[in-house]
Amino acid sequence: MRYTRAAAYARANLGAIRQLLEKSGSAIERVNLEDRIEEWEGEVTAAERLAATLAEAAVLFDGTPVKASIGIDAAFGGQSVRVFQELVTTVAADLSPRGVGERGRLPADVPRLLITDVDVGSFGFQLAEVPDQEPPAGPSRLKDALDVSTRLLKAAGESDDAFAHELAERSPRVLKRLKDFLEVIDDAGATLKVETGRASLRFETAEHIRAARERASSTQVEEASEAKVGVLQGLMQERARFELRLDDGTVLAGRIDPSVDPATFAGLYNRPVRASLRKLTISRGGRPKVAWLLLDASAP
């Protein structure tokens, strides 16, 4: 991957120069080597910062559309990258404070990935975020979205519970984009590997892809906004989770919206609150699973 490889290259050069310095017996040479070490230390710091903050991924395909190490079917290659991009940008919009509706255009400021290189063998693409300005202090929204997308895909191939857990925070529109991507991969008879540096998946058989597609296609998500009054009896800030006990004794438990700092609710712990919630009903065949997302809370 672009930034990870650059960081590894810089660390390798720094290590090699340090070894030369240890063996050098020349005072002049040692001064030159020390200068080069200082330069490469700066390169390592800069490269590691980009790797830690900007989105990057290797998306690799095999199977019917891939011809050994020669290449990949052009129509499939273009379509697969397009629908993967749509999945990731939809998740990025969903992670924003505004969220994403079930319809309409995505906000114009949603960042996008670039193809920066190709890989052969299992043929695929190196994708990366290339910002027009200074990189953020922490992971970018697109980097988080890429990880979320990868975990969603992986969960679709694992189990109903794992998939429902990953869908619990996401808009129904994200599920639609996930279905689109798996449909393209399955119809082409391809297999898939994704590596982001923080998340990864391997669908190494067509059957695995088909199982993930069938799970995603048969899953329905209904979204509704609700306001509830109760006591915020549970607040786990590090895990971004909450428990709300209603007046009738019912306890609603779930996650805190990623765009909200859980610390903002610390003063409301174990106190009556009016909570704004998003209710997601996730169903696939059997009993629906309900997930709650806490959007806001205040004194009633």
Side-chain angles (χ1 to χ4, degrees), residues 55 57 59 79-113 127 129 139-186 192 194 196 198-201 203 209 211-226 240-241 254-260 276-285 288-295:
V59 182
Q79 187 181 22
S80 62
V81 171
R82 178 179 61 80
V83 291
F84 185 76
Q85 171 86 274
E86 289 173 352
L87 169 62
V88 175
T89 52
T90 301
V91 173
D94 192 39
L95 290 175
S96 72
R98 291 170 294 178
V100 61
E102 291 192 46
R103 297 179 180 84
R105 296 172 63 88
L106 295 179
D109 62 348
V110 175
R112 299 179 67 82
L113 297 164
L127 306 176
E129 175 183 10
S140 71
R141 178 155 44 104
L142 193 60
K143 188 176 185 69
D144 288 338
L146 193 53
D147 292 344
V148 169
S149 301
T150 303
R151 291 197 301 269
L152 276 168
L153 286 165
K154 183 178 181 179
E158 290 181 339
S159 68
D160 290 352
D161 285 345
F163 193 44
H165 177 76
E166 290 296 335
L167 281 175
E169 293 183 5
R170 305 279 68 87
S171 161
R173 188 166 175 176
V174 170
L175 177 59
K176 172 63 168 63
R177 293 305 183 199
L178 188 79
K179 293 176 181 179
D180 292 343
F181 178 64
L182 288 170
E183 179 180 314
V184 169
I185 306 303
D186 185 36
L192 172 70
V194 179
T196 73
R198 301 191 301 181
S200 63
L201 72 86
F203 290 163
I209 290 285
R213 176 186 180 178
E214 289 175 353
R215 177 169 287 112
S217 297
S218 60
T219 298
Q220 302 297 323
V221 178
E222 296 180 0
E223 182 179 30
S225 297
E226 295 195 12
R241 299 192 64 84
R255 300 185 184 184
I256 298 171
D257 186 81
S259 66
V260 178
S276 297
L277 302 159
R278 185 168 74 180
K279 179 183 179 182
L280 292 175
T281 304
I282 304 165
S283 57
R284 180 179 185 255
K289 178 181 177 64
V290 175
W292 295 94
L293 193 67
L294 178 62
L295 306 177

Heavy atoms only: give me the nearest [X]-[Y] pair and the separation to one decimal.
X    : Y    : answer
L175 : F163 : CD1-CZ, 3.8 Å
R213 : D186 : NH1-OD2, 2.8 Å
A216 : K179 : O-CE, 2.8 Å
L87  : V174 : CD1-O, 4.0 Å
P111 : T89  : O-CG2, 3.3 Å
R170 : D94  : NE-OD2, 2.8 Å

Has the side chain of [X] got a donor or acceptor atom that lies under 3.5 Å from a matching backbone atom of [Y]?
X    : Y    : result
D180 : V83  : no
R215 : A156 : yes
R141 : A92  : yes
E223 : R278 : no

If I take atom [atom1] from residue [X] and atom [atom2] from residue [Y], how far apart are they, to the nearest 0.5 angstrom?
X    : Y    : atom1 : atom2 : answer
L294 : D257 : CG    : CG    : 8.5 Å
L277 : L295 : CG    : CG    : 6.5 Å
L178 : R173 : CG    : CZ    : 14.5 Å
L127 : T196 : CG    : OG1   : 11.5 Å
S171 : K176 : OG    : NZ    : 12.5 Å
E222 : L280 : CD    : CG    : 10.0 Å

Only counting residues at least two apart or in another chain, list the ones meeting ring pair (Phe, Tyr, Trp, His ring centres under 6.0 Å) with F181.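 Once residues adjacent in sequence are excluded, the partners of F181 under the ring pair (Phe, Tyr, Trp, His ring centres under 6.0 Å) criterion are F84.
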Partner residues of [X] under the side-chain hydrogen bond (donor to acceptor under 3.5 Å, both in side chains) criterion, sequence neighbours left out:
X    : value
T150 : none
R151 : none
R198 : D144, D147
Q220 : none

V290: partners by side-chain contact (heavy atoms from CB on, under 4.5 Å), with sequence neighbours left out: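 In terms of side-chain contact (heavy atoms from CB on, under 4.5 Å), with neighbours along the sequence ignored, V290 is linked to K279, T281, W292.
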Does a side-chain heavy-atom distance below 4.5 Å link L192 with V59?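 A side-chain contact exists here, since the closest heavy-atom pair is under 4.5 Å.
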CA sep, side-chain torsions, deciding dist, call: L142, V88, side chain to side chain contact (heavy atoms under 4.5 Å, CB included): CA-CA 7 Å; L142 193 60; V88 175; 3.7 Å; yes
